[in-house]
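This structure is a prediction, so every number in the text was calculated from the model and none was measured. Note on naming: letters A, B, ... go to the chains in the order of the sequence lines (proteins, then strands), and numbering restarts at 1 for each one.
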2 protein chains.
Amino acid sequence: MRVETRKQEIIRVAATLFKDKGYSAVTMRDLAKAMGIKAASLYNHINSKQDILKDIIISLAEEFTAGMATIMASQVSSLDKLNQIIALHVNIAGRNTDEMASLNNDWMHLEEKLEYYLQLRENYEANFRSIIKQGIGTKEIIDLDPDTILFSILSTLRSLYLWIPDHEDYNPNQFAAELAEILLHGINK
Amino acid sequence: MRVETRKQEIIRVAATLFKDKGYSAVTMRDLAKAMGIKAASLYNHINSKQDILKDIIISLAEEFTAGMATIMASQVSSLDKLNQIIALHVNIAGRNTDEMASLNNDWMHLEEKLEYYLQLRENYEANFRSIIKQGIGTKEIIDLDPDTILFSILSTLRSLYLWIPDHEDYNPNQFAAELAEILLHGINK
DNA sequence: AAGATAGACTAACAAATGTTAGTTTAATCA
DNA sequence: TGATTAAACTAACATTTGTTAGTCTATCTT
């Protein structure tokens with residue numbers, strides 16, 4: 001089975017609506033209308049609105065966690081790890097632009113899974129920070145506050161979901177390289 | 001009159017609630033409870049929920065517009081203009097962390113003022129982009145896609161409202177300088 | 001003291017919201 | 001063919017939501 005189930009279709013359409021208006025502002029009737037059915041019919045496929053959000057966010061968060069684990073295990077320089085992280089974000093964001101909006105903007109509306117999500121995020125950022133610190137230790141990276149460096153890079157990576165849909169002709173690999181150039185080497189000539 | 005009016009107090013408290021849950025998820029009863037009064041009492045001071053959002057966002061957007069106008073008029077290098085922009089964001093975000101959340105996350109819920117807001121934003125970004133292009137022209141800035149450079153820097157500047165409250169001891173001027181170092185010269189040693 | 005004002009209250013509203021129950025229809029499988 | 005299933009429907013529900021109307025009270029102003 002390679003085809004999308006009705007449930008997956010609902011979740012995908014929900015993500016596009018969530019991207020534009022946010023989870024709280026999208027009603028089940030909005031979602032139903034976008035699907036061409038009545039709101040009650042949605043419940044033949046999904047359990048609740050909350051469940052849709054959970055499916056969108058948790059699967060994405062776990063994909064980032066898995067990607068980071070691979071990077072942490074690779075035996076390369078800190079700078080190369082940062083390059084891999086940038087490529088990871090470009091890759092995941094490129095395949096999930098709508099879903100990334102929910103991950104970034106609606107995670108606080110998770111209920112049962114909120115704590116789990118926060119654990120994944122803290123773990124991800126801790127790994128990211130440790131790579132930066134290691135790079136500072138080996139003098140690959142300038143000796144500035146690791147939190148500020150992390151904040152700066154991660155802010156840009158988190159916003160990729162906004163940039164990508166406006167540049168449909170972009171080449172992921174080339175774009176990741178250009179972004180790495182800007183983030184790691186700066187823009188000053 | 002230097003003291004806060006009741007209306008200003010309501011708007012300020014609303015901004016803190018909007019920051020945590022977003023405009024759509026905050027009810028007038030939530031806001032009333034945070035103020036220690038009943039929801040109906042809010043309407044002795046404000047016209048509507050929408051009006052609160054408008055006040056928060058438009059005044060901030062106009063402050064950015066004014067700041068950008070000053071920078072555009074200054075006769076300095078492109079790189080120095082970028083430094084001024086970074087300082088502008090650190091300054092405004094530092095004094096309005098809660099309000100910045102609405103500007104970033106809830107602008108799409110503006111109704112009558114949505115078009116006006118979008119005009120201000122487009123104008124702001126056009127000025128920002130022109131500074132980058134000029135810098136590329138004078139070889140101050142590397143010759144990469146101006147849109148990508150703008151995206152990268154602006155993503156970080158837009159996220160400042162998240163960084164600042166977690167670092168209460170920060171020195172705005174020193175922080176702006178450190179951020180400029182990272183954004184303009186990169187982190188690679 | 002009288003009047004005005006600021007700012008709270010109760011009561012109520014129409015509309016919107018997430019969801020459930022039970023039913024119908026059309027396609028698939030034995 | 002008959003049974004099963006996937007997926008839609010109508011109707012309704014209990015809450016929640018933003019807001020209005022009208023009232024009361026305490027504090028200023030004249």
- OP1 or OP2 of dA16(C) less than 4.0 angstrom from a side-chain nitrogen or oxygen of Thr27(A), does that happen here? no
- Task: Measure from CD on Glu4(A) to P on dA6(D) and round the result to the nearest Å.
- Result: 18 Å
- Over 12 foreign heavy atoms within 6.0 Å of CD, Glu125(B): yes
- Note on the structure: Of the listed dT10(D), dT19(D), dC9(C), the closest approach to the Ala40(A) side chain comes from dT10(D)
- Query: Picking from dC9(C), dT17(D), dT20(C), which would you name as closest to the side chain of Tyr43(A)?
  - Reply: dT20(C)
- Indicate yes or no: does Arg95(A) engage Glu63(A) in a salt bridge with an N to O separation below 4.0 Å. yes
- Note on the structure: With the side chain defined as heavy atoms from C-beta on, Ile37(B) is closest, among dC9(D), dC9(C), dT17(D), to dC9(C)
- Task: Give the rounded distance in Å between these two atoms: CD1 of Ile10(B) and P of dT19(D).
- Result: 13 Å
- Query: What nucleotide, of dA12(D), dT10(C), dT19(D), holds the atom closest to the side chain of Lys49(B)?
  - Reply: dT19(D)
- Leu42(B) has an atom CG; how far is it from atom P of dA8(C), in whole Å? 9 Å
- Query: What nucleotide among dG18(D), dT10(C), dT19(C) has an atom nearest to a side-chain atom of Ala39(A)?
  - Reply: dT19(C)
- For Lys38(A) and dA6(D), what is the distance between atoms NZ and P respectively, to the nearest whole Å? 24 Å
- Query: Do Lys113(B)'s NZ or CZ and the ring of Tyr117(B) fall within the cation-pi criteria of under 6.0 Å and 45°?
  - Reply: no
- Task: Would you kindly say whether Glu140(A) and Thr138(A) are connected by a side-chain donor-acceptor distance under 3.5 Å?
- Result: yes
- Task: State which of dA8(C), dT19(C), dA7(D) makes the closest approach to the side chain of Ser48(A).
- Result: dT19(C)
- Does the distance from a Lys or Arg side-chain N to an Asp or Glu carboxylate O, for Lys33(B) and Asp30(B), drop under 4.0 Å? no
- Item | Atom pair distance, as rounded to whole Å: CG in Leu53(B) and P in dG18(D) | 13 Å
- Query: Is there a donor and acceptor pair, one atom on the side chain of Asn44(B) and one on the base of dA6(C), closer than 3.5 Å?
  - Reply: no
- In whole angstroms, the gap separating P of dT17(C) from CG of Asp30(A) amounts to 7 Å
- Side-chain N or O of Ser41(A) less than 4.0 angstrom from OP1 or OP2 on dA7(D)? no
- Whole-Å gap separating P (dG18(C)) and CD (Glu111(A)): 12 Å
- Whole-Å distance, Met28(A) CE to dT20(C) P, equals 10 Å
- Task: Could you say whether Arg29(A) or Gly36(A) is positioned toward the 5' end of DNA chain D, judged by the nucleotide with the nearest heavy atom to each?
- Result: Gly36(A)
- Between dA8(C) and Arg6(B), is there an OP1 or OP2 to side-chain N/O distance shorter than 4.0 Å? yes
